[in-house]
2 protein chains.
Amino acid sequence: MAKPPKENSPITEHLAYLLAQANREINRQLELRLSKEGVPVEQWRILKVLSDGDGHSMGELADAVLLNHPTLTKMIDRMVSDALVYRVQDPNDRRKVLMFISDRGKVLCKKLNSLAVDQEEHILESYGDKSTSELKRLLESLIDSSN
Amino acid sequence: MAKPPKENSPITEHLAYLLAQANREINRQLELRLSKEGVPVEQWRILKVLSDGDGHSMGELADAVLLNHPTLTKMIDRMVSDALVYRVQDPNDRRKVLMFISDRGKVLCKKLNSLAVDQEEHILESYGDKSTSELKRLLESLIDSSN
DNA sequence: TTGAAAATATTGAATATTCAAGAATTGAAG
DNA sequence: CTTCAATTCTTGAATATTCAATATTTTCAA
(Lines give C-alpha, C1' and ligand atoms only; values in the text may rest on other atoms or scores of the structure.)
Protein backbone atom coordinates (compact mmCIF):
# COMPACT_ATOMS: atom_id res chain seq x y z
CA MET A 1 0.00 0.00 0.00
CA ALA A 2 2.97 2.33 -0.34
CA LYS A 3 2.22 5.53 -2.20
CA PRO A 4 3.90 5.92 -5.56
CA PRO A 5 6.78 8.38 -5.44
CA LYS A 6 5.61 11.90 -6.18
CA GLU A 7 7.99 12.29 -9.08
CA ASN A 8 5.89 9.94 -11.14
CA SER A 9 2.54 11.29 -10.08
CA PRO A 10 0.52 12.77 -12.92
CA ILE A 11 0.43 16.50 -13.24
CA THR A 12 -3.26 16.49 -12.41
CA GLU A 13 -2.43 15.60 -8.82
CA HIS A 14 -0.26 18.63 -8.16
CA LEU A 15 -1.80 21.41 -6.13
CA ALA A 16 -0.31 24.00 -8.48
CA TYR A 17 -2.07 22.36 -11.41
CA LEU A 18 -5.42 21.97 -9.68
CA LEU A 19 -5.34 25.62 -8.69
CA ALA A 20 -4.48 26.68 -12.23
CA GLN A 21 -7.26 24.56 -13.65
CA ALA A 22 -9.91 25.73 -11.21
CA ASN A 23 -8.83 29.34 -11.60
CA ARG A 24 -8.95 29.08 -15.37
CA GLU A 25 -12.43 27.61 -15.38
CA ILE A 26 -13.99 30.00 -12.88
CA ASN A 27 -12.29 32.93 -14.54
CA ARG A 28 -13.57 31.84 -17.93
CA GLN A 29 -17.12 31.78 -16.61
CA LEU A 30 -16.79 35.19 -15.01
CA GLU A 31 -15.22 36.63 -18.15
CA LEU A 32 -18.16 35.35 -20.13
CA ARG A 33 -20.63 37.22 -17.95
CA LEU A 34 -18.66 40.43 -17.74
CA SER A 35 -18.21 40.44 -21.50
CA LYS A 36 -21.88 41.44 -21.65
CA GLU A 37 -20.60 44.86 -20.60
CA GLY A 38 -17.38 44.51 -22.58
CA VAL A 39 -15.20 44.68 -19.49
CA PRO A 40 -12.26 42.43 -18.61
CA VAL A 41 -12.17 40.84 -15.18
CA GLU A 42 -9.22 42.99 -14.08
CA GLN A 43 -11.16 46.19 -14.71
CA TRP A 44 -14.01 44.95 -12.60
CA ARG A 45 -11.54 44.26 -9.79
CA ILE A 46 -10.11 47.74 -10.11
CA LEU A 47 -13.54 49.35 -10.02
CA LYS A 48 -14.54 47.23 -7.04
CA VAL A 49 -11.47 48.17 -5.04
CA LEU A 50 -11.91 51.85 -5.87
CA SER A 51 -15.60 51.83 -5.07
CA ASP A 52 -14.86 52.46 -1.40
CA GLY A 53 -14.42 56.05 -2.55
CA ASP A 54 -10.97 56.39 -1.04
CA GLY A 55 -7.96 57.21 -3.14
CA HIS A 56 -5.69 54.24 -3.78
CA SER A 57 -2.13 54.54 -5.00
CA MET A 58 -1.00 52.58 -8.03
CA GLY A 59 1.17 50.31 -5.92
CA GLU A 60 -1.66 49.51 -3.57
CA LEU A 61 -3.98 48.86 -6.49
CA ALA A 62 -1.47 46.66 -8.30
CA ASP A 63 -1.21 44.44 -5.23
CA ALA A 64 -4.95 44.36 -4.71
CA VAL A 65 -5.85 43.43 -8.26
CA LEU A 66 -2.96 41.03 -8.85
CA LEU A 67 -1.40 42.99 -11.69
CA ASN A 68 2.16 44.24 -11.92
CA HIS A 69 2.83 47.93 -12.14
CA PRO A 70 3.38 48.56 -15.84
CA THR A 71 0.40 46.43 -16.79
CA LEU A 72 -1.77 48.32 -14.35
CA THR A 73 -0.55 51.69 -15.61
CA LYS A 74 -1.59 50.81 -19.14
CA MET A 75 -4.93 49.40 -18.10
CA ILE A 76 -5.63 52.52 -16.05
CA ASP A 77 -4.76 54.62 -19.11
CA ARG A 78 -7.57 52.88 -20.97
CA MET A 79 -9.98 53.28 -18.08
CA VAL A 80 -9.19 56.97 -17.83
CA SER A 81 -9.94 57.30 -21.55
CA ASP A 82 -13.27 55.61 -20.85
CA ALA A 83 -13.85 58.03 -17.98
CA LEU A 84 -14.31 55.21 -15.47
CA VAL A 85 -11.56 56.37 -13.12
CA TYR A 86 -9.31 59.39 -12.70
CA ARG A 87 -5.89 60.25 -11.36
CA VAL A 88 -5.06 62.73 -8.62
CA GLN A 89 -1.57 63.44 -7.41
CA ASP A 90 -1.22 62.59 -3.73
CA PRO A 91 -0.77 65.91 -1.93
CA ASN A 92 1.12 64.22 0.91
CA ASP A 93 3.58 62.36 -1.26
CA ARG A 94 3.96 63.65 -4.73
CA ARG A 95 5.59 60.49 -5.96
CA LYS A 96 2.24 58.82 -5.63
CA VAL A 97 -0.85 58.96 -7.78
CA LEU A 98 -4.19 58.39 -6.13
CA MET A 99 -6.85 56.67 -8.19
CA PHE A 100 -10.54 57.41 -7.81
CA ILE A 101 -13.66 55.96 -9.35
CA SER A 102 -15.89 58.29 -11.36
CA ASP A 103 -19.67 58.40 -11.30
CA ARG A 104 -19.71 56.63 -14.63
CA GLY A 105 -17.41 54.01 -13.11
CA LYS A 106 -19.77 53.54 -10.17
CA VAL A 107 -22.72 52.93 -12.46
CA LEU A 108 -20.78 50.36 -14.44
CA CYS A 109 -19.46 48.73 -11.29
CA LYS A 110 -22.98 48.15 -10.02
CA LYS A 111 -23.94 46.34 -13.19
CA LEU A 112 -20.78 44.26 -13.06
CA ASN A 113 -21.36 43.36 -9.44
CA SER A 114 -24.70 41.89 -10.19
CA LEU A 115 -23.26 39.87 -13.07
CA ALA A 116 -20.60 38.56 -10.69
CA VAL A 117 -23.20 37.74 -8.06
CA ASP A 118 -25.07 35.77 -10.71
CA GLN A 119 -22.00 33.66 -11.18
CA GLU A 120 -21.42 33.08 -7.50
CA GLU A 121 -25.00 31.97 -7.16
CA HIS A 122 -24.57 29.62 -10.07
CA ILE A 123 -21.54 28.12 -8.35
CA LEU A 124 -23.42 27.75 -5.10
CA GLU A 125 -26.14 25.86 -6.91
CA SER A 126 -23.99 23.37 -8.72
CA TYR A 127 -21.22 23.06 -6.18
CA GLY A 128 -23.05 23.51 -2.93
CA ASP A 129 -23.11 26.01 -0.12
CA LYS A 130 -21.02 23.97 2.22
CA SER A 131 -18.26 23.09 -0.25
CA THR A 132 -18.01 26.68 -1.38
CA SER A 133 -17.50 28.16 2.05
CA GLU A 134 -15.12 25.38 3.01
CA LEU A 135 -13.10 25.95 -0.15
CA LYS A 136 -12.96 29.68 0.51
CA ARG A 137 -11.75 29.06 4.02
CA LEU A 138 -9.00 26.73 2.85
CA LEU A 139 -7.88 29.11 0.13
CA GLU A 140 -7.64 32.00 2.55
CA SER A 141 -5.59 29.93 4.89
CA LEU A 142 -3.30 28.77 2.07
CA ILE A 143 -2.72 32.35 1.04
CA ASP A 144 -2.01 33.29 4.65
CA SER A 145 0.46 30.50 5.11
CA SER A 146 2.31 31.56 1.99
CA ASN A 147 3.31 34.94 3.38
CA MET B 1 -27.53 38.59 11.79
CA ALA B 2 -28.49 39.12 8.14
CA LYS B 3 -25.61 38.76 5.72
CA PRO B 4 -24.61 41.91 3.89
CA PRO B 5 -25.74 41.93 0.27
CA LYS B 6 -23.11 40.31 -1.94
CA GLU B 7 -22.90 43.32 -4.20
CA ASN B 8 -21.12 45.26 -1.51
CA SER B 9 -18.87 42.49 -0.38
CA PRO B 10 -15.19 43.19 -0.89
CA ILE B 11 -13.47 41.55 -3.81
CA THR B 12 -11.38 39.48 -1.44
CA GLU B 13 -14.46 37.44 -0.55
CA HIS B 14 -15.18 36.30 -4.07
CA LEU B 15 -14.24 32.75 -4.93
CA ALA B 16 -12.87 33.87 -8.28
CA TYR B 17 -10.53 36.28 -6.54
CA LEU B 18 -9.35 33.83 -3.91
CA LEU B 19 -8.59 31.30 -6.61
CA ALA B 20 -6.67 33.87 -8.64
CA GLN B 21 -4.71 34.95 -5.60
CA ALA B 22 -3.82 31.45 -4.47
CA ASN B 23 -2.96 30.41 -7.99
CA ARG B 24 -0.73 33.42 -8.46
CA GLU B 25 1.15 32.80 -5.25
CA ILE B 26 1.70 29.07 -5.69
CA ASN B 27 2.63 29.58 -9.30
CA ARG B 28 5.12 32.26 -8.37
CA GLN B 29 6.81 29.89 -5.94
CA LEU B 30 6.94 27.09 -8.47
CA GLU B 31 8.27 29.44 -11.14
CA LEU B 32 11.02 30.47 -8.78
CA ARG B 33 12.19 26.89 -8.34
CA LEU B 34 11.93 25.91 -11.98
CA SER B 35 13.85 29.02 -12.98
CA LYS B 36 16.90 27.24 -11.60
CA GLU B 37 16.71 25.22 -14.82
CA GLY B 38 15.49 28.18 -16.85
CA VAL B 39 12.19 26.53 -17.68
CA PRO B 40 8.72 28.10 -17.51
CA VAL B 41 5.99 26.23 -15.66
CA GLU B 42 4.11 25.48 -18.88
CA GLN B 43 7.09 23.65 -20.34
CA TRP B 44 7.34 21.49 -17.26
CA ARG B 45 3.68 20.60 -17.64
CA ILE B 46 4.21 19.69 -21.27
CA LEU B 47 7.20 17.50 -20.47
CA LYS B 48 5.32 15.84 -17.66
CA VAL B 49 2.33 15.02 -19.82
CA LEU B 50 4.55 13.67 -22.59
CA SER B 51 6.67 11.63 -20.23
CA ASP B 52 4.21 8.75 -20.45
CA GLY B 53 5.98 8.05 -23.73
CA ASP B 54 2.78 8.02 -25.76
CA GLY B 55 2.23 10.42 -28.60
CA HIS B 56 -0.14 13.27 -27.76
CA SER B 57 -1.78 15.46 -30.34
CA MET B 58 -1.53 19.23 -30.08
CA GLY B 59 -5.19 19.54 -29.22
CA GLU B 60 -4.93 17.01 -26.44
CA LEU B 61 -1.82 18.71 -25.11
CA ALA B 62 -3.35 22.15 -25.24
CA ASP B 63 -6.22 20.96 -23.06
CA ALA B 64 -3.94 19.15 -20.67
CA VAL B 65 -1.54 22.01 -20.09
CA LEU B 66 -4.16 24.78 -20.06
CA LEU B 67 -2.81 26.64 -23.07
CA ASN B 68 -4.69 27.62 -26.19
CA HIS B 69 -3.61 26.23 -29.51
CA PRO B 70 -1.54 29.00 -31.05
CA THR B 71 0.30 29.64 -27.80
CA LEU B 72 1.10 25.96 -27.50
CA THR B 73 2.31 25.77 -31.11
CA LYS B 74 4.80 28.56 -30.48
CA MET B 75 5.99 27.13 -27.20
CA ILE B 76 6.46 23.72 -28.82
CA ASP B 77 8.48 25.41 -31.56
CA ARG B 78 10.89 26.64 -28.90
CA MET B 79 11.02 23.25 -27.21
CA VAL B 80 11.76 21.54 -30.52
CA SER B 81 14.63 23.99 -31.03
CA ASP B 82 15.90 23.01 -27.61
CA ALA B 83 15.54 19.34 -28.59
CA LEU B 84 13.27 18.59 -25.63
CA VAL B 85 10.38 17.25 -27.73
CA TYR B 86 9.73 16.31 -31.34
CA ARG B 87 6.85 16.17 -33.78
CA VAL B 88 5.62 13.13 -35.68
CA GLN B 89 2.73 13.21 -38.09
CA ASP B 90 -0.04 10.89 -36.95
CA PRO B 91 -0.16 8.05 -39.48
CA ASN B 92 -3.84 7.40 -38.76
CA ASP B 93 -4.98 10.96 -39.21
CA ARG B 94 -2.63 13.19 -41.08
CA ARG B 95 -4.26 16.34 -39.81
CA LYS B 96 -2.82 15.56 -36.43
CA VAL B 97 0.68 15.98 -35.10
CA LEU B 98 1.84 13.67 -32.35
CA MET B 99 4.26 15.08 -29.82
CA PHE B 100 6.91 12.98 -28.12
CA ILE B 101 9.46 13.71 -25.42
CA SER B 102 13.13 13.25 -26.31
CA ASP B 103 15.80 11.67 -24.13
CA ARG B 104 17.12 15.13 -23.37
CA GLY B 105 13.58 16.10 -22.41
CA LYS B 106 13.30 13.15 -20.07
CA VAL B 107 16.49 14.09 -18.28
CA LEU B 108 15.31 17.66 -17.82
CA CYS B 109 11.86 16.49 -16.72
CA LYS B 110 13.35 14.43 -13.91
CA LYS B 111 15.22 17.43 -12.55
CA LEU B 112 12.12 19.57 -12.80
CA ASN B 113 10.01 16.96 -11.05
CA SER B 114 12.25 16.98 -8.05
CA LEU B 115 12.16 20.77 -7.89
CA ALA B 116 8.37 20.58 -7.99
CA VAL B 117 8.32 17.94 -5.30
CA ASP B 118 10.42 20.25 -3.16
CA GLN B 119 7.74 22.83 -3.43
CA GLU B 120 4.90 20.47 -2.60
CA GLU B 121 6.80 19.36 0.45
CA HIS B 122 7.31 22.95 1.47
CA ILE B 123 3.58 23.54 1.16
CA LEU B 124 2.83 20.45 3.22
CA GLU B 125 5.07 21.73 5.95
CA SER B 126 3.67 25.23 6.25
CA TYR B 127 0.08 24.46 5.34
CA GLY B 128 -0.39 20.99 6.69
CA ASP B 129 -1.05 17.54 5.31
CA LYS B 130 -4.71 17.52 6.15
CA SER B 131 -5.52 20.94 4.70
CA THR B 132 -3.62 20.16 1.53
CA SER B 133 -5.45 16.96 0.74
CA GLU B 134 -8.77 18.49 1.67
CA LEU B 135 -8.08 21.46 -0.59
CA LYS B 136 -7.14 19.18 -3.45
CA ARG B 137 -10.32 17.20 -2.99
CA LEU B 138 -12.46 20.33 -3.05
CA LEU B 139 -10.69 21.73 -6.10
CA GLU B 140 -11.18 18.51 -8.02
CA SER B 141 -14.82 18.50 -7.17
CA LEU B 142 -15.22 22.16 -8.16
CA ILE B 143 -13.61 21.42 -11.51
CA ASP B 144 -15.90 18.43 -11.97
CA SER B 145 -19.01 20.40 -11.16
CA SER B 146 -18.03 23.05 -13.71
CA ASN B 147 -18.27 20.70 -16.67
C1' DT C 1 21.87 71.28 4.42
C1' DT C 2 23.38 68.32 1.07
C1' DG C 3 23.84 64.30 -1.41
C1' DA C 4 23.12 59.46 -1.94
C1' DA C 5 19.78 55.80 -1.60
C1' DA C 6 15.00 54.30 -1.64
C1' DA C 7 10.29 54.58 -3.20
C1' DT C 8 6.84 55.45 -6.75
C1' DA C 9 5.04 55.63 -11.25
C1' DT C 10 5.64 55.66 -16.21
C1' DT C 11 7.80 54.70 -20.73
C1' DG C 12 9.72 52.09 -24.65
C1' DA C 13 11.66 48.03 -26.51
C1' DA C 14 11.47 43.13 -26.41
C1' DT C 15 8.61 39.30 -25.79
C1' DA C 16 4.41 36.67 -25.52
C1' DT C 17 -0.41 35.91 -26.29
C1' DT C 18 -4.54 36.11 -28.80
C1' DC C 19 -7.72 36.54 -32.64
C1' DA C 20 -8.91 35.66 -37.19
C1' DA C 21 -7.70 33.61 -41.31
C1' DG C 22 -5.50 29.88 -43.87
C1' DA C 23 -3.87 25.16 -45.35
C1' DA C 24 -4.32 20.33 -45.14
C1' DT C 25 -6.95 16.29 -44.22
C1' DT C 26 -10.95 13.68 -43.02
C1' DG C 27 -15.89 12.56 -42.82
C1' DA C 28 -20.16 12.05 -44.69
C1' DA C 29 -24.22 13.18 -47.38
C1' DG C 30 -26.04 13.18 -51.79
C1' DC D 1 -17.27 9.35 -56.57
C1' DT D 2 -17.64 14.20 -55.50
C1' DT D 3 -18.27 17.98 -52.93
C1' DC D 4 -19.01 20.48 -48.86
C1' DA D 5 -18.65 20.87 -43.98
C1' DA D 6 -15.92 19.79 -39.91
C1' DT D 7 -11.47 18.93 -37.67
C1' DT D 8 -6.68 19.90 -36.74
C1' DC D 9 -2.80 22.63 -36.70
C1' DT D 10 -0.13 26.69 -38.04
C1' DT D 11 0.65 31.51 -39.41
C1' DG D 12 0.59 36.61 -39.32
C1' DA D 13 -1.19 40.75 -37.61
C1' DA D 14 -3.04 43.03 -33.67
C1' DT D 15 -2.88 43.33 -28.89
C1' DA D 16 -1.11 42.80 -24.31
C1' DT D 17 2.46 41.91 -20.96
C1' DT D 18 6.96 42.18 -19.13
C1' DC D 19 11.67 43.77 -18.31
C1' DA D 20 14.87 47.34 -17.89
C1' DA D 21 15.64 52.01 -17.83
C1' DT D 22 14.05 56.71 -16.61
C1' DA D 23 12.04 60.63 -14.09
C1' DT D 24 10.38 62.45 -9.96
C1' DT D 25 9.99 62.85 -5.15
C1' DT D 26 11.06 61.58 -0.54
C1' DT D 27 14.04 59.90 3.19
C1' DC D 28 17.83 59.92 5.93
C1' DA D 29 22.56 59.87 7.16
C1' DA D 30 26.67 62.54 7.31
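Here is how names work: the chains are called A, B, and so on, in the same order as the sequence lines, proteins then strands, and each is numbered from 1.
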- Message: How would you summarise protein contacts on nucleotides 3-12 of chain C per nucleotide, using B for base, S for sugar-phosphate only and - for none, with heavy-atom distances below 4.0 Å?
- Response: ----BSSBBB
Distance in angstrom units between [X] [atom1] and [N] [atom2], rounded:
{"X": "M79(A)", "N": "dA16(D)", "atom1": "CE", "atom2": "C1'", "answer": "16 Å"}
{"X": "L67(A)", "N": "dA16(D)", "atom1": "CG", "atom2": "P", "answer": "13 Å"}
{"X": "D90(B)", "N": "dT8(D)", "atom1": "CG", "atom2": "C1'", "answer": "11 Å"}
{"X": "L61(B)", "N": "dC9(D)", "atom1": "CG", "atom2": "P", "answer": "9 Å"}
{"X": "D63(B)", "N": "dT8(D)", "atom1": "CG", "atom2": "P", "answer": "10 Å"}
{"X": "I76(B)", "N": "dT8(D)", "atom1": "CD1", "atom2": "P", "answer": "17 Å"}
{"X": "L66(B)", "N": "dT17(C)", "atom1": "CG", "atom2": "P", "answer": "13 Å"}
{"X": "M99(B)", "N": "dT8(D)", "atom1": "CE", "atom2": "C1'", "answer": "14 Å"}

- Item | Under the side chain to side chain donor-acceptor pair (under 3.5 Å) test, residues paired with R137(A) that sit two or more places apart |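 E134(A).
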- Kindly state which residues belonging to residues 16-47 of chain B come within less than 4.0 angstrom of DNA chain D, counting heavy atoms of the residue only, listed by number.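 Under 4.0 Å from DNA chain D: no residue of residues 16-47 of chain B.
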- Message: Whether R78(B) contacts dT15(C) is assessed here as follows: a side-chain N or O lying under 4.0 Å from the phosphate OP1 or OP2. Is that the case?
- Response: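 No, outside the criterion.
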- Donor-acceptor pair, side chain of Q89(A) and main chain of R94(A), under 3.5 angstrom: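 The answer is yes, because a donor-acceptor pair under 3.5 Å joins these two groups.
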- Message: Looking at I11(A), is its backbone amide N or carbonyl O close enough to the side chain of R45(B) to form a donor-acceptor pair, meaning the two atoms are under 3.5 Å apart?
- Response: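 Not at all, since once roles are kept as given, no pair shorter than 3.5 Å links the two residues.
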- Query: V88(B): which other cluster members, linking ILVMFWY side chains closer than 4.5 Å, directly or transitively?
  - Reply: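 Besides V88(B), the hydrophobic cluster comprises Y86(B), L98(B), F100(B), listed by chain and residue number.
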- Connected hydrophobic set around Y127(A), excluding itself, where side chains approach under 4.5 Å: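 Hydrophobic cluster check, Y127(A): joined to L15(A), L18(A), L19(A), I26(A), I123(A), L135(A), L138(A), L139(A), L142(A), I143(A), L15(B), L18(B), L19(B), I26(B), I123(B), Y127(B), L135(B), L138(B), L139(B), L142(B), I143(B).
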Using a 3.5 Å cut-off and no angle test, enumerate the donor-acceptor pairs between side-chain atoms of residues 52-59 of chain A and protein atoms at least two apart in sequence or in another chain.
{"from": "D52(A)", "atom 1": "OD1", "to": "D54(A)", "atom 2": "N", "distance (Å)": "2.9"}
{"from": "D52(A)", "atom 1": "OD1", "to": "H56(A)", "atom 2": "NE2", "distance (Å)": "3.1"}
{"from": "D52(A)", "atom 1": "OD2", "to": "H56(A)", "atom 2": "NE2", "distance (Å)": "2.8"}
{"from": "H56(A)", "atom 1": "ND1", "to": "E60(A)", "atom 2": "OE2", "distance (Å)": "2.8"}
{"from": "S57(A)", "atom 1": "OG", "to": "E60(A)", "atom 2": "N", "distance (Å)": "3.2"}

So, are [X] and [Y] salt-bridged, with charged N and O less than 4.0 Å apart?
{"X": "D77(B)", "Y": "R87(B)", "answer": "yes"}
{"X": "E120(A)", "Y": "K136(A)", "answer": "yes"}
{"X": "E31(B)", "Y": "R28(B)", "answer": "no"}

